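Every chain is numbered from 1 and lettered A, B, ... according to where its sequence line falls, protein lines coming before strand lines. All figures in this text were calculated on a predicted structure; none of them were measured in a lab.
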Number of protein chains: 2
Amino acid sequence: MVTLAEVAQHAGVSASTVSYVLSGKRSISTTTRQRVEQSIRELGYHPNAGARALASSRSNIIALMIPLRTDIYVPVMMEIAIAVATTARTHGYDVLLLTGEEGPDAVRRVTGSGLADAMILMDVELDDERLPLLRSTDRPSVLIGLPADTSGLTCVDLDFAATGALCVEHLAMLGHRDIAVIGEAPAVYERHTGFAERTLDGLRYRAKELGLRLLHRPCEGGYDAMAVTLARVLDERPGTTGFVVQNESAVEPLLALLRQQGRAVPEDVSVVAICPDQVAVQASVRLTSVAIPAQEMGRHAVERLVAKLEGQVSDEVVLIAPELTVRASTGPAPTVS
Amino acid sequence: MVTLAEVAQHAGVSASTVSYVLSGKRSISTTTRQRVEQSIRELGYHPNAGARALASSRSNIIALMIPLRTDIYVPVMMEIAIAVATTARTHGYDVLLLTGEEGPDAVRRVTGSGLADAMILMDVELDDERLPLLRSTDRPSVLIGLPADTSGLTCVDLDFAATGALCVEHLAMLGHRDIAVIGEAPAVYERHTGFAERTLDGLRYRAKELGLRLLHRPCEGGYDAMAVTLARVLDERPGTTGFVVQNESAVEPLLALLRQQGRAVPEDVSVVAICPDQVAVQASVRLTSVAIPAQEMGRHAVERLVAKLEGQVSDEVVLIAPELTVRASTGPAPTVS
DNA sequence: ACCCGCTATCGAAGCGCTTCGACAACCTAT
DNA sequence: ATAGGTTGTCGAAGCGCTTCGATAGCGGGT
């Protein structure tokens, strides 16, 4: 491996000069800089990451904790992860992938060892056990998702309450009075994942304001579970004409089942989905949906984090405003015959 | 931050002794070891990753290059990534997430800087431009996927040729004579992704052996693209009764379209999918399928890599044998009326 | 009593880099 | 001409760890 010293010798300067060329922390004459850069190229020099981390006590690595389970939103998680990785690179950082498996210990290990300069946590629960650690360490962190108490934390998330409200408003505007919400799997609610509950809050609050009837049912993904759930919903509220679906793997089954029962979308029944755009446009009926801006969330998280690493103190919550795209799955409520 | 020296002082031993307690590379008396371990716990010591990497020239990090594009097999990629991360942890390694974006430069950067001790590459193309670099570096690597020339490389993959053969055999056994293959998006074939071509080879070869007629059509995901593709297939080969689908986002649209055209599955038409089990069981018809063993692939890759890091030389290709699970989407070919 | 071969421990060198203070050279402004 | 400020470069001191000899102590064979 080529070292800094070898580059220095090759360029006929001291090691520190090469270092300053690399970091730009002191001014270097143009001629020297060029000579050094030439040597770097010729020798194929790459600074040693360990040495750099040791000397500067910065690893230029961001840790990303992703959930271990693959029961929800896998494509969203993936998209966020990729956005985080690419955005981090543009800021000179690499990304270390941690799974939830280790739990809070991972936070301790990573911050304690200086492996990463900062971390991004996904799939945050309302009362997440990693939060006290984050608050007590001096390493910057950003959450993707919103816990119950955000004091002293930086968070990035879609505004799910507004998302819920937006879905209800859209259906209300079209004249629907009875709305059913097909939610995530029960387990998601049981572990108090923020986004699911906040969506529900938004839905309920706005429905109440607008005087709509709202029925919420969690639902495992897949065809069979959806069939059972739909039967129950239509049994309890036969007049349901509007559906809000927040579960990627329930949306296509729902459409199929409705079709099968002779309920046309959007003539008889309207469906609004909360899902990535890709899912919305690939469905058998192009879905009116509120997109989950995965890329944007990943990018935002990294940018907040980098800002913090550069010393800008900003414990703020960034809520991305939801956007509803009207496609072919919603229409006016059928007139009562 | 607590340092080795502080632990040593606290335990009343020298720094090197603490180091040897940690690494186990020299024998240490039980009493000393316990005293040191006690100090480590009391002080909450975590070895500094950078210093360790510098001194030992091993970072205990494995780099994982995932594809940037999200057009294929996202859940599979995710599952592999998670399996890699968790398996790596059990061997004392962390995982650095690289996206394909940087291309071959990422390989240079990571190996050159000593950021990672080894790497795992996903989404390998038949003639991947990263391969020469991997062959010329002394850092171990493992590919998930199979390039055209595997000499000097270690690869892990599902045996896709056998997978194709298996699908054909299953349909042949049920009496189907005209088989259509719904493949990945054209772009996947255009960039010569190994798995797609190898599956096709397996399908064709076995179909020929068994005297079946085979029609292969690439297909973008989604409902509309599938509708066009299906129409073309049935136009060219109206007698088609067997489908092999290798495209997650085409499988549900295909089922819906068949239903819509009054072709019952499996009475009139049989469908075999090549997809993760989760997709197969969640579909509107429980699909006979060959599973993509994502977890197993990730785990295998790490284990091969760790073996190489520990000095075991083994340039081998691990092909995981496909397993076909019969579910509700395949049945005897309809008797010609 | 002696040497041998253990085991358990220590001290010191050094991994490759960053960074601080020093300083020479030059360029104004007086 | 001199003081004062820049600008560009260098040397050296570490960062916290691993690892290589060296050494002290001990029991056993002779």
Original post:
Looking only at side-chain N and O atoms, does B/Lys25 come under 4.0 Å of OP1 or OP2 in D/dT18?
Top reply: no
Original post:
For C/dT18, does either OP1 or OP2 sit under 4.0 Å from a side-chain N or O belonging to A/Ser19?
Top reply: yes
Original post:
For C/dT9, does either OP1 or OP2 sit under 4.0 Å from a side-chain N or O belonging to B/Ser14?
Top reply: no
**OP:** Let me know which of A/Thr111, A/Thr137, A/Ile62 forms a side-chain contact (heavy atoms from CB on, under 4.5 Å) with A/Met119.
**Re:** A/Thr111
Original post:
Is there a donor and acceptor pair, one atom on the side chain of A/Ser29 and one on the base of D/dG8, closer than 3.5 Å?
Top reply: no
Original post:
Starting at CD of A/Gln9 and ending at P of D/dT9, how long is that distance when rounded to a whole Å?
Top reply: 18 Å
**OP:** Establish whether the base of D/dT19 is bridged to the side chain of B/Arg26 by a donor-acceptor pair shorter than 3.5 Å.
**Re:** no
Subject >> N/O donor-acceptor pair under 3.5 Å between A/Thr86 side chain and A/Ala83 backbone >> reply: yes
**OP:** Give a yes/no on whether any side-chain N or O of A/Ser27 is located under 4.0 angstrom from OP1 or OP2 of D/dG8.
**Re:** yes
**OP:** Among C/dG11, C/dT9, C/dC15, find the nucleotide with the atom closest to the side chain of B/Ala55.
**Re:** C/dC15
Subject >> Selected nucleotide, minimal atom distance to A/Ala51 side chain, candidates C/dC17, C/dC10, D/dC10 >> reply: C/dC17
**OP:** For the side chain of A/Leu54, starting at C-beta, report the closest nucleotide among D/dC17, D/dC15, C/dC10.
**Re:** D/dC15
Original post:
Picking from A/Gln34, A/Arg41, A/Arg35, what satisfies side-chain hydrogen bond (donor to acceptor under 3.5 Å, both in side chains) with A/Gln38?
Top reply: A/Arg41
**OP:** Between B/Ser56 and B/Thr31, name the one whose nearest nucleotide on DNA chain C is closer to the 5' end.
**Re:** B/Thr31
**OP:** Could you check which of C/dC10, D/dT18, C/dC17 has an atom nearest any side-chain atom of A/Asn48?
**Re:** C/dC17
Original post:
Of the candidate nucleotides C/dT9, C/dC17, D/dT18, which contains the atom at the shortest distance from the side chain of A/Thr3?
Top reply: C/dC17
**OP:** Assign each of A/Ser23 and A/Met1 to its nearest nucleotide of DNA chain C by heavy atoms, then name whichever residue's nucleotide is nearer the 5' end.
**Re:** A/Met1
Subject >> Spacing between A/Leu4 atom CG and C/dC15 atom P, to the nearest angstrom >> reply: 13 Å
Original post:
Is the backbone N or O of A/Thr3 less than 3.5 Å from a side-chain atom of A/Glu6, with the two atoms forming a donor-acceptor pair by type?
Top reply: yes
Original post:
Under 3.5 Å, side chain of B/Arg304 to main-chain N/O of B/Glu316, donor-acceptor pair present?
Top reply: no
**OP:** Check the distance between D/dC15's C1' and B/Arg52's CZ and give it to me in whole angstrom.
**Re:** 16 Å
**OP:** When you get a sec, tell me which of C/dT19, D/dT18, C/dT9 is the closest nucleotide to the side chain of B/Ile28?
**Re:** C/dT9
**OP:** Nearest whole angstrom, please: distance from the C1' of D/dT18 to the CG of B/Asn60.
**Re:** 13 Å
Original post:
With a 3.5 Å cut-off and just heavy-atom distances, do the side chain of B/Tyr20 and the base of D/dC17 make a donor-acceptor pair?
Top reply: no
**OP:** Check the distance between C/dC17's P and A/His46's NE2 and give it to me in whole angstrom.
**Re:** 12 Å
